[in-house]
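Every chain is numbered from 1 and lettered A, B, ... according to where its sequence line falls, protein lines coming before strand lines. These figures come from a predicted structure and were not determined experimentally.
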Amino acid sequence: MDLDLLRDEQEWLAKQVVIPSTPFDFTPYDILFGIDIQYVGEQAFCAISAHYFNGEHIQTFILKTQAGMEYISGFFCFREGPPVLRAIRKILEKQNIIPKLILIDGHGIAHPRQLGIASWIGVKTNLPSIGIAKRPLLKYEGTLAPERGATIPIRLKNKVVGTVLRTQTDIKPVFVSPGYNISIEQASDLTLQLSPSYRISNPIRIADHVARAYSKEKKVAQVISL
DNA sequence: GCGACAG
DNA sequence: ATCTTGTCGC
């Protein structure tokens, strides 16, 4: 695998990433997607959970497809991106559902080359996206207060690129960064809103659950196969 | 050279 | 991410 070439590709795509400084006005009945993948070897089970911005669950979709390549830290977008893109395109054309925002496991611009999986998806689809990771990729300073809603910034070369966010009191935080076309602050605010009960946001949590079940050959009611 | 390393 | 046992809690 030619990592130098993939690095060039990431740097090229990073130039196309737009991060506004002001929030966008979403409507309670705009639609967002929560996305997660489970792997069995190179088989990828991609689940997409559709929700309204008020949090209400609409529908869940599943697609079994091939991983983009092996996993290499820092190059996750090339493994997870292609399967996700296939699933999104199938929903757009076959289900006629168009999201206003995408939430995905992993980082956005809080990445050494500012091109995590969320940014890759955002650039490829031209849709606003947020990356929410369970572990940091960049070092950060400071101590996070124990209460739900507490935040501290994540910096890259003295520039703020994301937020350490505590979604539940006394529970480990998550690491939020914009993927594409959404502000750092709104990315954090929306993530908190969409995480009413658990550490992981509901849309991603449901996608994780469905992808996990299908990766183990188990069926889940009310899931649409793409 | 050594350690660290999203999912 | 996956590999794995017991265990705590709703």
For DNA chain C, what are the stems built from at least three Watson-Crick or G-U pairs in a row, each pair having both distances below 3.5 Å?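 Nothing qualifies as a stem here.
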Span of DNA chain C in contact with chain A (heavy atoms, under 4.0 Å): C:dA1 to C:dT2
Stems formed with participation of DNA chain B [Watson-Crick or G-U wobble, under 3.5 Å, three or more pairs]: none
For [X], answer base if it contacts any base atom (sugar-phosphate contacts may also be present), sugar-phosphate if it contacts only those atoms, and nothing otherwise; contact means non-hydrogen atoms under 4.0 Å.
X        : answer
A:Tyr39  : sugar-phosphate
A:Phe75  : base
A:Ile117 : base

Inspect the surroundings of CD in A:Glu70 and state if more than 12 heavy atoms from other residues, nucleotides or ligands are less than 6.0 Å away.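 Yes, enclosed.
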Would a single hydrophobic cluster contain both A:Ile91 and A:Tyr214, if residues Ile, Leu, Val, Met, Phe, Trp and Tyr are joined by side-chain heavy-atom contacts under 4.5 Å?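 Different hydrophobic clusters.
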Could you give the distance from [atom1] ([X]) to [atom2] ([Y]), rounded to the nearest 0.5 Å?
X       : Y        : atom1 : atom2 : answer
A:Phe53 : A:Leu190 : CZ    : CG    : 6.0 Å
A:Cys46 : A:Ile37  : SG    : CD1   : 4.0 Å
A:Thr65 : A:Lys90  : OG1   : NZ    : 8.0 Å

Check every nucleotide of DNA chain B for an atom under 4.0 Å from a heavy-atom of chain A, then give the first and the last such nucleotide from 5' to 3'.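 Contact boundaries, 5' end first: B:dC5 to B:dG7.
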May I ask you to decide if [Y]'s main-chain N or O and [X]'s side chain share a donor-acceptor pair within less than 3.5 Å?
X        : Y        : result
A:Gln114 : A:Val161 : no
A:Arg199 : A:Lys172 : yes
A:Arg212 : A:Ala207 : no
A:Arg166 : A:Ala150 : no

Below 30° counts as parallel, above 60° as perpendicular, anything between as tilted: where do the rings of A:Tyr71 and A:Phe76 land? perpendicular
For the pair A:Phe78 and A:Trp120, name the ring-plane relationship: parallel under 30°, tilted 30 to 60°, perpendicular over 60°. perpendicular
Distance-only side-chain donor-acceptor flag, [X] / [Y], under 3.5 Å:
X        : Y        : result
A:Gln59  : A:Gln222 : no
A:Arg113 : A:Gln10  : yes
A:His111 : A:Ser119 : no

Under the 6.0 Å and 45° cation-pi test, does A:Arg205 pair with A:Tyr198?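 Yes, A:Arg205 lies over the aromatic ring of A:Tyr198.
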Six-ring centre of A:Tyr39, A:Arg79 cation under 6.0 angstrom, axis tolerance 45°: yes
Measuring centre to centre across the rings, with the benzene-like ring taken for any Trp, is A:Tyr52 within less than 6.0 Å of A:Tyr29?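 Ring-ring flag for A:Tyr52/A:Tyr29: true, centres closer than 6.0 Å.
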For DNA chain B, which residues in residues 183-201 of chain A have a heavy atom at a distance below 4.0 Å? none
Which of residues 131-139 of chain A sit near DNA chain B, with a heavy atom under 4.0 Å from it? A:Ala133, A:Lys134, A:Arg135, A:Pro136, A:Leu137, A:Lys139
For side chain to side chain contact (heavy atoms under 4.5 Å, CB included), just list the numbers for A:Ile72 and A:Leu3, CA-CA rounded to whole Å, side-chain angles, deciding distance to a tenth of an Å, and then say yes or no. CA-CA 9 Å; A:Ile72 301 174; A:Leu3 295 188; 3.7 Å; yes
